[in-house]
Amino acid sequence: MARPTPLSGFPEWLPEGRVVEQHVLDTLRRTFELHGFAGIETRAVEPLDQLLRKGETSKEIYVLRRLQEQEADEGRGEQAGLGLHFDLTVPFARYVLENAGKLHFPFRRYQIQKVWRGERPQEGRFREFVQADVDVVAAGELPYHYEVELPLVMADAFAALADVGVPPVRILVNNRKVVEGFARGLGLADVDAVLRAVDKLDKVGPDAVADLLRAEAGASAEQAAAMLDLAAVRGDDVVARVRALAERHGARTGAGGDLLDAGLAELGALLDAAATRAPGVITADLKIARGLDYYTGSVYETVLVGHEDLGSICSGGRYDALASDGTTTYPGVGLSIGVSRLVSRLLSAGLVTATRGVPSAVVVAVTSEETRQESEAVAAALRARGIPTEVAPAAAKFGKQIRYADRRGVPFVWFPPTARTAEGADAATGHEVKDIRSGEQVPADPATWTPPAEDLLPRAVPGPAAG
RNA sequence: GUGGCUGUAGCUCAGUAGGUAGAGCACCUGGUUGUGGUCCAGGGGGUCGCGGGUUCGAGUCCCGUCAGCCACCCCA
């Protein structure tokens with residue numbers, strides 16, 4: 001093959017794109033640490049039985065097999081039982097159990113790593129992608145206020161990305177207790193089926209959801225209509241509206257009613273806090289259900305405003321039974337940002353761009369191969385003061401050396417002293433530096449000259465489409 | 001994993017009824033003999049995604065495969 005073909009679903013960015021991704025990663029890490037989360041990294045593989053605890057279909061997991069065993073143990077190989085992790089929550093639960101004795105609870109951690117899923121790729125959906133998770137896990141009891149805090153951490157992270165052109169986000173919140181309590185109050189027992197049906201509302205519409213509720217969850221026409229009423233509720237003042245709906249449909253009875261009240265109290269507290277700490281970002285949406293069945297309380301989904309077609313870029317929720325060693329359970333709450341999904345859209349839509357793809361702020365021109373060492377000395381002096389610098393690849397005509405820098409977006413070209421530039425050059429050193437954007441060329445001293453701060457390193461900046 | 005659309009030069013695309021491949025931009029060289037971006041002239045570059053088949057002959061038809069996009073599924 002003359003040129004290798006890319007692998008489907010395994011995205012690779014060009015250097016300019018990597019600058020953008022790196023800025024996102026740096027910002028997330030800084031925000032997470034600002035909120036006191038400790039960073040960890042877990043191994044890429046987990047035992048298959050661990051990965052499958054979540055109830056995923058095994059086809060999504062990449063199974064590891066040693067090459068030597070491949071032919072000899074055909075059929076037996078997969079029982080070796082190692083697979084690449086497909087999220088960071090399950091490995092984290094395992095990590096907590098394994099290190100429970102050495103961790104301090106509530107344990108706050110962030111984790112930014114690649115994960116792998118055997119899904120069919122499309123735009124924003126990959127087989128290998130980066131997730132950035134924050135979770136708080138407690139030993140025994142996890143207070144509700146963490147379910148308030150975690151989405152606000154993410155809101156903070158997205159706010160910190162706004163100045164490079166990342167659009168505003170909307171974090172949609174729901175509480176499983178509300179939906180479950182409402183459903184049970186109505187007399188619907190198969191809550192999982194109810195959740196799955198309701199979650200499809202945006203995609204298939206109310207009529208299809210009603211059909212699903214009747215077919216999958218055994219709902220009557222009245223029960224389905226009541227669930228659809230609930231799913232249509234969204235906004236900031238949802239508690240009173242849900243309560244009224246429950247009264248009207250007679251759903252506020254028995255254990256279901258108690259669960260509903262508990263859920264509404266939690267959801268209300270979250271929305272109150274969000275209204276003051278991140279106004280306009282967090283809003284309730286009673287149809288958010290999340291497919292994953294281990295969530296027990298708050299659930300979150302996040303959309304980029306104006307890019308709702310991309311799907312959720314940051315999701316999560318509260319879980320109570322993910323980690324347990326038999327005597328102690330470790331309930332937690334967390335969210336996960338789909339970094340690759342986010343970055344892929346930032347790049348493809350031109351929302352964020354890099355000022356340049358190479359770190360170099362300066363290209364030092366080479367007058368002749370005989371004097372290359374003089375240029376290297378200039379570069380060394382600049383690097384010693386933290387200025388990324390490279391030396392021109394060849395002692396070509398200066399026009400070509402300038403063009404070399406220009407193609408790469410390097411803003412400055414440095415000219416060491418030469419006999420021909422003696423006139424007009426710096427009296428003490430003879431060095432000159434040219435800003436190739438403006439064409440301005442001035443005498444300069446390698447020991448003291450510094451580029452403007454905004455030119456020192458490549459930066460992520462709003463792109464043409466960011467407005 | 002299922003189904004649909006697409007795949008020609010680095011990029012965007014043309015290619016007519018199957019007859020040995022084109023344009024613009026980009027790139028390289030020179031005009032400008034050591035200071036780019038304009039202009040002018042010239043030049044290089046394609047196993048037509050890959051593999052197989054039909055045919056005297058396939059970029060053009062058929063099958064497979066890979067990749068990209070879309071829908072489903074699922075989810076970041």
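To find a chain, count down the sequence lines: A is the first, B the second, and so on, and within it residues start at 1. No experiment lies behind these values; they were computed from the predicted model shown.
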- Any donor-acceptor pair under 3.5 Å joining the side chain of A:R125 to the base of B:A76? no
- Message: Quiz question: going by heavy-atom distance under 3.5 Å, is there a donor-acceptor pair between the base of B:G37 and the side chain of A:D406?
- Response: no
- Note on the structure: Side-chain atoms of A:Q122 come closest, of B:C73, B:U35, B:G36, to B:C73
- Item | Salt bridge flag under 4.0 Å for residues A:R30 and A:D156 | no
- Message: What's the gap between B:C70 and B:C63 when it is taken at their P atoms, as a whole Å value?
- Response: 25 Å
- Item | Whole-Å P distance, B:U12 and B:C69 | 13 Å
- Task: Would you indicate whether A:R372, at its atom CZ, is surrounded by more than 12 heavy atoms from other residues, nucleotides or ligands within a distance under 6.0 Å?
- Result: yes
- Message: Given A:P167, which partner from the list A:L351, A:L161, A:V352 fulfils the side-chain contact (heavy atoms from CB on, under 4.5 Å) test?
- Response: A:L351
- Using atom CG of A:L28 as one end and atom C1' of B:A76 as the other, report the distance to the nearest whole Å. 13 Å
- Note on the structure: Taken to the nearest whole Å, CD/A:Q113 to C1'/B:A76 is 15 Å
- Query: Considering only heavy atoms and no angle criterion, is a donor-acceptor pair shorter than 3.5 Å present between the side chain of A:Q401 and the base of B:U35?
  - Reply: no
- Message: Without decimals, in angstroms, what is the distance between A:E440 CD and B:G36 C1'?
- Response: 17 Å
- Query: Hey, which of these two, A:G316 or A:R437, hits RNA chain B nearer its 5' end, going by closest nucleotide?
  - Reply: A:R437
- Would you indicate what A:G311 reaches in the nucleic acid, counting non-hydrogen atoms under 4.0 angstrom: base, sugar-phosphate, or nothing? nothing
- Message: When both hydrogen-bonding distances must be under 3.5 Å and the geometry is Watson-Crick or G-U wobble, what is B:C50 paired with, if anything?
- Response: B:G64
- Task: Compare the ring of A:F126 with the six-membered ring in the base of B:A76 and state whether they stack (centres under 5.5 Å, planes under 30°).
- Result: no
- Query: Is B:A41 paired to anything, Watson-Crick or G-U wobble with both distances less than 3.5 Å, and if yes, which nucleotide?
  - Reply: B:U29
- Task: Compare the minimum distances between each of B:C74, B:A76, B:U35 and the side chain of A:K200, then state the nucleotide with the smallest one.
- Result: B:C74
- Query: B:C75 P sits how many Å from A:I288 CD1, rounded?
  - Reply: 13 Å
- Task: Indicate yes or no: does A:R196 engage A:D199 in a salt bridge with an N to O separation below 4.0 Å.
- Result: no
- Checking N1-N3 plus N6-O4 or O6-N4 for Watson-Crick, or N1-O2 and O6-N3 for wobble, each under 3.5 Å, the partner of B:G3 is B:C70
- Run the ring-centre check on A:F37 versus A:Y110 and record whether the distance is less than 6.0 Å. no
Protein-nucleotides 25-30 of chain B N/O pairs closer than 3.5 Å?
from  : atom 1 : to     : atom 2 : distance (Å)
B:C27 : OP1    : A:R407 : NE     : 2.9
B:C27 : OP1    : A:R407 : NH2    : 2.8
B:C28 : OP1    : A:R407 : NH1    : 3.3
B:C28 : OP2    : A:R407 : NH2    : 3.4
B:U29 : OP1    : A:K400 : NZ     : 2.5

- Roughly how many Å is it from NZ in A:K114 to P in B:A76, rounded to a whole number? 19 Å
- Atom CD of A:E369: over 12 foreign heavy atoms under 6.0 Å: yes
- Rounded C1' spacing from B:C62 to B:U29 in Å: 46 Å
- Query: Does a side-chain N or O from A:K434 land closer than 4.0 Å to OP1 or OP2 of B:G36, or not?
  - Reply: no
- Query: Expressed in whole Å, how much space separates the P atoms belonging to B:C13 and B:G19?
  - Reply: 24 Å
- Query: If we take the P atom in both B:C73 and B:G3, what is their distance in whole Å?
  - Reply: 16 Å
- Message: On the side chain of A:R120, is there an atom forming a donor-acceptor pair with the base of B:C73 - under 3.5 Å, no angle test?
- Response: no
- Query: Between B:U35 atom C1' and A:F412 atom CZ, what is the distance in whole Å?
  - Reply: 16 Å
- Message: Under 4.0 Å, counting only non-hydrogen atoms across every strand here, what does A:I313 touch: a base, just sugar-phosphate, or nothing?
- Response: sugar-phosphate
- Task: Would you name the heavy atoms of A:S344 and A:G124 that are closest together and state the gap between them?
- Result: OG-CA, 4.0 Å
- Message: Can a side-chain donor-acceptor contact be found between A:H431 and A:W414 if the only test is distance below 3.5 angstrom?
- Response: yes
- Message: My understanding is that a pair needs two contacts under 3.5 Å, Watson-Crick or G-U wobble. By that rule, which nucleotide pairs with B:G22?
- Response: B:C13
- Query: Rounded to the nearest Å, what distance is computed from the CZ atom of residue A:F86 to the C1' atom of nucleotide B:G1?
  - Reply: 16 Å
- Query: Within this structure, what is the OH-to-P distance between A:Y300 and B:A76, rounded to whole angstrom?
  - Reply: 14 Å
- Message: Please give the distance between the C1' atoms of B:G59 and B:A17 as a whole number of Å.
- Response: 15 Å
- Message: At 4.0 Å (heavy atoms only), tell me whether A:V366 reaches a base, stays on the sugar-phosphate, or touches nothing.
- Response: base
- Task: Say whether A:S312 and A:E301, considering side chains only, have a donor N or O and an acceptor N or O under 3.5 Å apart.
- Result: no
N/O donor-acceptor pairs under 3.5 Å from side chains in residues 391-402 of chain A, not counting sequence neighbours:
from   : atom 1 : to     : atom 2 : distance (Å)
A:Q401 : OE1    : A:V366 : N      : 2.8
A:Q401 : NE2    : A:V366 : O      : 2.8
A:Q401 : NE2    : A:A396 : O      : 2.7

- Task: Write down the distance separating the C1' atoms in B:A26 and B:C11, rounded off to the nearest Å.
- Result: 7 Å
- Item | Whole-angstrom distance between B:G24 and B:G45, as gauged at atom C1' | 16 Å
